[in-house]
Number of protein chains: 2
Amino acid sequence: MVSIHDVAQAAGVSISTVSYSLTGKRSITESTRLRVEEAANALGYRANAGARMLKGARTNLLALSAPLHAGTHAPAHMTFVLAVVNAAREYDYDVVLLTQDDATDGLRRVSQSSLVDGIVLLDVSTTDERADLVRELGVPATLVGVPADTDGLVCVDLDFERSAWLAVERLLALGHRRIACIGQSPAIYERGSNFPPRFRDAFIAACEANGVEPVFRACAEDAGSVVRALDDIEAQLGAAPTGLVFQSNEPVQAMALDVLARRGVRIPEDLSVISACSSFDTAHLEPAIDVIPLPAEQSCARAIALTMRQLETPVEPHVELIEPWFVEYGSVAAPPAD
Amino acid sequence: MVSIHDVAQAAGVSISTVSYSLTGKRSITESTRLRVEEAANALGYRANAGARMLKGARTNLLALSAPLHAGTHAPAHMTFVLAVVNAAREYDYDVVLLTQDDATDGLRRVSQSSLVDGIVLLDVSTTDERADLVRELGVPATLVGVPADTDGLVCVDLDFERSAWLAVERLLALGHRRIACIGQSPAIYERGSNFPPRFRDAFIAACEANGVEPVFRACAEDAGSVVRALDDIEAQLGAAPTGLVFQSNEPVQAMALDVLARRGVRIPEDLSVISACSSFDTAHLEPAIDVIPLPAEQSCARAIALTMRQLETPVEPHVELIEPWFVEYGSVAAPPAD
DNA sequence: CTGAAAGCGCTTACAG
DNA sequence: CTGAAAGCGCTTACAG
């Protein structure tokens, strides 16, 4: 590998001049700077990563802890991983990917060996052991997701409570009174998952605050469960709902739409449908469904920005909630006249 | 961060003794070795990554180039990424994840700065610019996938030709004569994709070699296309096929099975179905479908093993094809009596 | 405006 | 069996 000495020799300057020329950390006569840059380019020089790290400077490496438990939707997960990597590149950072197998060991390893400058945690659960670890390690870190105990942590997430209210209020404003929500698989609510319970509780609260019956139904990812969920909802309401909120993964939403279509339910004439906190493209559903997006790009960009800020200066621990927004594809309208 | 000096002081030995104790690169009196290990554990010491790299030793970091073009199936992709990370951990390696945006720039950056010891490329296309880059950089590297020009490269992949033959011969052996294959989206064959054309051509060759009409139909990922593909196949054969091979992604297979079910086609009584080179779990299809798996774990484990071997000793460039195998779920039987 | 030199934290010949 | 010291390739005070 070509070293700083090679470049210095080729440019006829000292190694410190090479370093300063390339980092721009002090002013250099234009002509020599150019000479150095030419030599560096010609030789394909890049500062040795190890040497740069050693100087106690930045390693320009971030750890991304991305466990993939069963029940995590792989495409959604991939979206977040890619969003983190791309956001990190904006700050000239590369990402070391850590997976399930060694969630805490891995984080300990890469931070205690000073391999990484900071950490981003994805898919944070309510009782996430990685949260304690982050507190213990005292490394700059940002969690995407909000654990039960946020003490001392910097967290980013979509505001799921506001998302539920947004969906409910949208339907209420149009005059809907029989509304329901199809949630994630029951298992998701039983283990310490993060946002699904928060969304569910907020959905119920929003309904109650507005004097409509809160009908929420968890739903496993198979055709039978979807049919049963739809039937249960209708039974509980005593009539077909006029507004339906999905807070489930893509296959469940696709299956439910399929069942509704076969039953002759027209969207939005008979039923208004909103897909809440979805990370996939609901415009490709049949029909396209209005969505409150789960914004991977925004969440991850904020997580990276907050991590970068922690590298410069201490950041007050806090939870940053991203305001939800609505994207219309025509699946929401006034309820049918009874 | 705690340094080797802290450990040396705590254990009352020199730093070289600490180093040798921990790396095991020379024999140390049991008692002092124990004392060192205790001190190291108590202090939570890990050798500084930068310093270790600098000594010209291993960085214990691998670059994983995982571009995600449109048309790449995200879950399949995620499976490969995780398989690489997990396989690398077996060798005490961590993985720096590089994505689309800077495929070649990124590889150049991490290898020329000596950040990584080697490279693994995923999702290699026929004319992949990363192949040229690997040749140019001269870094230990393994491609998962086979580009058109494999000169000087180490590649691993499932043997797609053999997979096609395996599927065809399975059906022929049971007496099927009207067989067809539903392939990937047409766009996949037009751009320089890697294995789909290889599979298609081998499927056709296998049919012709056995004197049956080769019916291959590319198919886009929407319900209309699936219906048309099935109809076209029947038209071309002049009758319903008795054997069907999927070489498409999960949604297309699910949609096709759905259409067939609605038409009253029973599997395997009326139609034998094989899912070829699929990375997802075909046991969850309705009905479960026999599969020739696209073995992410095996491919990635081999890719890592081959990269590791290149770190020790030069490895002769070669293409290593993984022998395909068959997993039965009961979707294949003898054809119906005409 | 530029250079010589210290030092980051390791590993590993070189001594003893 | 163990230690003192060189050196990996940078960055950055310190001189001039």
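Not measured: the values here are computed from a predicted model.
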Show every donor-acceptor pair shorter than 3.5 Å between a side-chain atom in residues 1-18 of chain A and any protein atom, with sequence neighbours excluded, or say none if there are none.
{"from": "Ser3(A)", "atom 1": "OG", "to": "His5(A)", "atom 2": "N", "distance (Å)": "3.1"}
{"from": "Asp6(A)", "atom 1": "OD2", "to": "Ser3(A)", "atom 2": "N", "distance (Å)": "2.7"}
{"from": "Ser14(A)", "atom 1": "OG", "to": "Ser16(A)", "atom 2": "OG", "distance (Å)": "3.0"}
{"from": "Ser14(A)", "atom 1": "OG", "to": "Thr17(A)", "atom 2": "N", "distance (Å)": "3.3"}
{"from": "Ser14(A)", "atom 1": "OG", "to": "Thr17(A)", "atom 2": "OG1", "distance (Å)": "3.2"}

For residues 39-47 of chain B, which side-chain donor-acceptor pairs fall under 3.5 Å, sequence neighbours excluded?
{"from": "Asn41(B)", "atom 1": "ND2", "to": "Glu37(B)", "atom 2": "O", "distance (Å)": "3.3"}
{"from": "Arg46(B)", "atom 1": "NE", "to": "Gln112(A)", "atom 2": "OE1", "distance (Å)": "3.1"}

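Looking at the side chain of Ile28(A), the nearest of the listed nucleotides dC10(D), dT2(C), dC1(D) is dT2(C). Checking dT2(D), dA4(C), dG3(D) against every side-chain atom of Val13(B), the shortest atom distance belongs to dG3(D). In the set dC10(D), dT2(C), dG9(D), the nucleotide with an atom closest to the side chain of Arg52(A) is dC10(D).
For the pair Leu54(A) CG and dA6(C) C1', the interatomic distance rounds to 13 Å; values are reported in whole Å. Distance Asp6(A) CG to dG9(D) P: 9 Å, rounded to the nearest Å. Rounding to whole angstrom units, CD of residue Gln112(B) and P of dC10(D) are separated by 13 Å. For the pair Leu22(A) CG and dG9(D) P, the computed distance is 17 Å after rounding to whole Å. As rounded to whole Å, 13 Å separates atom P of dG3(C) from atom NE2 of His5(A).
Using a 4.0 Å heavy-atom criterion, one finds that Ser114(B) contacts no nucleic acid atom at all.
Less than 4.0 Å separates DNA chain C from no heavy atom of any residue of residues 33-48 of chain A.
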Represent DNA chain D in dot-bracket notation, 5' to 3'. Only Watson-Crick or G-U wobble pairs with both distances under 3.5 Å count; pseudoknot-style crossings use [ ] and interstrand partners use |.
-> |||.||||||||.|||

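Phe195(A) is linked by a ring-ring contact (aromatic ring centres under 6.0 Å, His included) to Phe160(A), counting only residues two or more places apart in sequence or in another chain. Scored by the side chain to side chain contact (heavy atoms under 4.5 Å, CB included) test, Asp149(A) finds Arg135(A), Asp151(A) as partners (sequence neighbours excluded). Asp94(A) is linked by a side chain to side chain contact (heavy atoms under 4.5 Å, CB included) to Leu61(A), Arg89(A), Val96(B), Leu98(B), Arg109(B), Val110(B), counting only residues two or more places apart in sequence or in another chain. Under the rule for a side chain to side chain contact (heavy atoms under 4.5 Å, CB included), the partners of Glu136(B) that lie at least two apart in sequence or sit in another chain are Arg108(B), Leu133(B). With sequence neighbours left out, the salt bridge (charged side-chain N to carboxylate O under 4.0 Å, His left out) criterion links Asp157(B) to Arg198(B). Remark: Pro293(A) engages Val291(A), Trp325(A), Val327(A) in a side chain to side chain contact (heavy atoms under 4.5 Å, CB included) (not counting sequence neighbours). Judged as a salt bridge (charged side-chain N to carboxylate O under 4.0 Å, His left out), and not counting sequence neighbours, the contacts of Glu320(B) are Arg302(B).
Here Glu312(B) does not pair with Arg309(B) in a salt bridge; the nearest charged N to carboxylate O distance is not below 4.0 Å.
Distances shown here put a side-chain N or O of Ser27(A) below 4.0 Å from the OP1 or OP2 atom of dC1(C). For Thr29(B), a side-chain nitrogen or oxygen approaches OP1 or OP2 of dT2(D) to under 4.0 Å.
In this structure the side chain of Asn86(A) never reaches within 4.5 angstrom of the side chain of Glu297(A), judged on heavy atoms.
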N/O to N/O distances under 3.5 Å, protein versus nucleotides 12-16 of chain C:
{"from": "dT12(C)", "atom 1": "OP2", "to": "Lys25(B)", "atom 2": "NZ", "distance (Å)": "3.2"}
{"from": "dA13(C)", "atom 1": "N7", "to": "Tyr20(B)", "atom 2": "OH", "distance (Å)": "3.2"}
{"from": "dA13(C)", "atom 1": "N6", "to": "Tyr20(B)", "atom 2": "OH", "distance (Å)": "3.0"}

